[in-house]
K.L.:
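Attaching a single structure in structure tokens format; questions to follow.
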2 protein chains.
Amino acid sequence: MATMHDVARLARVSVSTVSYVLTGTRPISQATRDKVLAAMAELDYQPNAMARGLASRRSRILGLLMPMDERGLGATETAFVTGAAAAASTAGYHLVLSPVGGGDLDDLRRLATQRMLDGVVLMEVQLADERVTVLQEAGVPLVLIGRTGDTSALSYVDIDFEQTVREAVAHLVGLGHRRIVYVNHSAATLASGYGPALRTRDAFVSAMTGHGLEPVMIAAEDSAAGGRAALAAAFAQAPELTAVLAMNETAIFGILGELTGRGLSVPDDVSVVSMVTSPQVAELATPALTAMTSPGSALGRIAIEALLRHLDGPAGGRHQQLLPCALEIRGSTAAPRSRQPMGADQ
Amino acid sequence: MATMHDVARLARVSVSTVSYVLTGTRPISQATRDKVLAAMAELDYQPNAMARGLASRRSRILGLLMPMDERGLGATETAFVTGAAAAASTAGYHLVLSPVGGGDLDDLRRLATQRMLDGVVLMEVQLADERVTVLQEAGVPLVLIGRTGDTSALSYVDIDFEQTVREAVAHLVGLGHRRIVYVNHSAATLASGYGPALRTRDAFVSAMTGHGLEPVMIAAEDSAAGGRAALAAAFAQAPELTAVLAMNETAIFGILGELTGRGLSVPDDVSVVSMVTSPQVAELATPALTAMTSPGSALGRIAIEALLRHLDGPAGGRHQQLLPCALEIRGSTAAPRSRQPMGADQ
DNA sequence: AATCTTCGTCGAAGCGGTTCGACGAAGCGG
DNA sequence: CCGCTTCGTCGAACCGCTTCGACGAAGATT
């Protein structure tokens, strides 16, 4: 393994010159630069990341802390990760994914405090998130995906749930639906302060009310069984429902199964819209689901770019941005059977 | 940020003594150790990972190179990752996940060659995998999940596909099925030399032949549409089929949809077994799928443990191990309608 | 022409640890 | 009682790179 000294000797320059060629910190004449580059190529030189990190006090490693529960990562999260990785790589940074579950805050603290990470992107932030506190105390630059309850001081990128729900509801209302049920995450999730669940709930209420319609929300466990139960509950509360809006990638399959089980056809009897859903998952269902597609990879890229800005200038200030999901119409929505489309209010 | 010097000064010992307390490389008296530990606690000392890595030539970081395609990570892969992360953490190592796609071999080479990773676990290994070559050239200790074509020189952990297929077939045959179709990954995937697809194909042929039955295999694209097409092809080739064995988590939903579309009921008309499938996914379907559950987290743990053994003693030699999937019977398999169970051959 | 910048390069001092050789103090057998 | 290990500790030399101050050679300024 060649070192900088080897390169310097071969190129007949000093080590510092080699370093300047590498980092561009000081001007170097073209002739010298060429000599050095030739020597590096000949020796197949690769800088030692540890030494570089120690001397420069920057590891050039960014952490992406992601949740890893038993359910696995959806295509949405994956798009997010690849978007972030690409952005980091472009900027010459490595992105390491750390599967810190809820429990191991200590592990997180260690990572942050050992100066191994220049900055961190936090996924799936809770409204009150201990990890944020830990990282702030450790003084690690931070960008959130999602928002804490108090959004004042931190940088974040998040899905614009309000806008997304509004669009989804408008789509259904535009088709002529009046009785629309929103299937959210579980009651426990809501109680735990999961931002997306709470925000969409509120947005749904306000969107429906805005159309002069009555909002009905059902909480569903994240499982197929939960979806089936939720649909039953929905019919109990709103017997004439003609459309279901759901933000629960797991439950939605139960919902569809139960619909079929009741002899109801999608979309003729009941329209279904799935929110924050990747095209891949939407296509799994028969018929393919009309869905609000999340801006996954853009979200990842923007988060990393904001983080990098923080590293360069601490004066950078906060970056706060919301991105809406895009409506993609597939086979699971249509005008309700019993009425004409009403052209509604948009 | 306190350094070792600060700790040494406060404890009135030399830096090397502090280091020995930390690493346990040399004996230290209890009295001194206590003084040092007290000083560390008081200063809230955390060793600097970079400095430690530079001096010791070990980063204490293990890499897990995982594929990140658009489809996302299944629960199977996730279990794998969490198993690996837990094992690494127990041993005092960090595990970083690197989402290296197919393209960026350079990025991989850089990571490996910059001495940032002590060792690497490679997921989703192809029969002929360039990444293996790159890493071997870089001299990075390596453990594979999956196997290359030539298994002689490398350490690996893999699913025992032969055994898994044999069990799945035995289950169906035991129920009385005679016409069983195997839905594999796509023809392109097979052609690309994807080990699991090839091994299960061979195992299926041999298992069926062993029962005196004719093996019928269909290649399916990894999509719901692919599954539907595959089922149509299956009925074309084997009109009286009563059971489908599938190893394609995506296509299986299309298969189920198409079955329902044809007015066939699962499991009464056709039994379905899904291979290398997590309980979470199996439960998504209605009825829940009888599946061969992969030993995900065990696989991850074992891979990391083998890797750590490589780091300690290069004399460690290879570690090669196969783990079978466990049959979990749910609602998608039953005796075929037209015949009695036959008690078959086990 | 003398002085002042700017440019390009060098040498050396760290960055925060690990590790090796050395060395005094005990503990030991003979 | 003496020489010989063993134990516990220290000092110093790195690990491979960045970065700062210095300095000679040009080019610009007056």
K.L.:
Over how many whole Å does the gap from B/Arg58 atom CZ to C/dG16 atom P extend?
P.N.:
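Taking atom P of C/dG16 as the reference, CZ of B/Arg58 is at 23 Å.
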K.L.:
At under 4.0 Å, does any side-chain N or O of A/Tyr45 touch on OP1 or OP2 of D/dC17?
P.N.:
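Yes, such a contact exists.
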K.L.:
Please tell me if A/Thr17 has a side-chain N or O lying less than 4.0 Å from either OP1 or OP2 of C/dC10.
P.N.:
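So the side chain of A/Thr17 is within the cut-off, an N or O lying under 4.0 Å from OP1 or OP2 of C/dC10.
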K.L.:
If you compare every side-chain N and O of A/Arg52 against the phosphate oxygens of D/dG16 (OP1, OP2), does one of them come in below 4.0 Å?
P.N.:
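For A/Arg52, the contact criterion (side-chain N or O under 4.0 Å from OP1 or OP2 of D/dG16) is not met.
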K.L.:
Between the base of D/dG11 and the side chain of B/Ser16, is one N or O donor paired with an acceptor at under 3.5 angstrom?
P.N.:
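Result: at least one qualifying N/O pair found.
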K.L.:
Let me know the distance between CE of B/Met40 and P of C/dG16, rounded to the nearest Å.
P.N.:
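In whole Å, C/dG16 P and B/Met40 CE are 17 Å from each other.
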K.L.:
Backbone N or O of B/Thr3 within a donor-acceptor pair of the B/Asp6 side chain at under 3.5 Å?
P.N.:
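At least one qualifying donor-acceptor pair exists.
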K.L.:
Starting the side chain at C-beta, find the nucleotide from D/dG16, C/dA12, C/dG21 nearest to A/Leu54.
P.N.:
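Among the listed nucleotides, the one closest to the side chain of A/Leu54 is D/dG16.
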K.L.:
Which nucleotide in the set D/dG8, D/dT18, C/dT18 lies at the smallest distance from any side-chain heavy atom of A/Ser19?
P.N.:
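That would be D/dT18.
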K.L.:
Specify the separation, in whole Å, of atom OH of A/Tyr20 and atom C1' of D/dG21.
P.N.:
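Answer to the nearest Å: 9 Å.
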K.L.:
Quick check on C/dG17: is either OP1 or OP2 less than 4.0 Å from any side-chain nitrogen or oxygen of B/Ser56?
P.N.:
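No, outside the criterion.
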K.L.:
Mind checking B/Val13 for me? I need base, sugar-phosphate or nothing, with any heavy atom below 4.0 Å counting as a touch.
P.N.:
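Sugar-phosphate, no base atom in range.
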K.L.:
Does a distance-only test, which skips hydrogens and angles, find a donor-acceptor pair under 3.5 Å between the side chain of A/Arg26 and the base of D/dG21?
P.N.:
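Indeed there is one.
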K.L.:
Write down the distance between NE2 (B/His5) and P (D/dA12), rounded to a whole number of angstrom.
P.N.:
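Whole-Å distance recorded here is 11 Å.
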K.L.:
CG of A/Asn48 versus C1' of D/dG16: gap in Å, rounded?
P.N.:
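After rounding, the gap between these two atoms is 6 Å.
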K.L.:
Can you tell me if A/Ser14 touches the phosphate of C/dC10, counting only side-chain N or O atoms and a distance under 4.0 Å to OP1 or OP2?
P.N.:
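Yes, A/Ser14 has a side-chain N/O under 4.0 Å of OP1/OP2 on C/dC10.
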K.L.:
Strictly distance-based, threshold 3.5 Å: is any side-chain N or O of A/Ser59 a donor or acceptor partner for the main-chain N or O of A/Met116?
P.N.:
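Side chain of A/Ser59 to backbone of A/Met116: a pair is present.
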K.L.:
Report yes if some heavy atom in the side chain of B/Ile302 is under 4.5 Å from a heavy atom in the side chain of B/His319; otherwise report no.
P.N.:
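Yes. Closest side-chain heavy atoms under 4.5 Å.
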K.L.:
I need the CZ-C1' distance between B/Arg57 and D/dC17, as an integer number of Å.
P.N.:
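Whole-Å distance recorded here is 14 Å.
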K.L.:
Rounding to a whole Å, what distance do you find between A/Met50:CE and D/dC14:C1'?
P.N.:
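To the nearest whole Å, that distance equals 17 Å.
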K.L.:
Could you check B/Ala51 against B/Arg33 and say which one's nearest nucleotide on DNA chain D is further toward the 5' end?
P.N.:
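Mapping each residue to its closest nucleotide by heavy atoms, the 5'-most match is B/Arg33.
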K.L.:
What's the spacing between A/Asn48 CG and B/Arg115 CZ if we round to 0.5 Å?
P.N.:
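Between atom CG of A/Asn48 and atom CZ of B/Arg115 there are 8.5 Å.
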K.L.:
Could you check which nucleotide pairs with D/dC23 in any of the strands shown, counting Watson-Crick or G-U wobble with both distances under 3.5 Å?
P.N.:
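Looking at the geometry, D/dC23 pairs with C/dG8.
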K.L.:
Looking only at heavy atoms, what is the nearest atom pair of B/Arg52 and B/Pro47, with distance?
P.N.:
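Result for this residue pair: NH2-CG, 3.4 Å.
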K.L.:
Measure the distance from CD1 on B/Ile28 to P on D/dG8 and round it to the nearest whole Å.
P.N.:
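Interatomic distance, CD1 of B/Ile28 to P of D/dG8: 8 Å.
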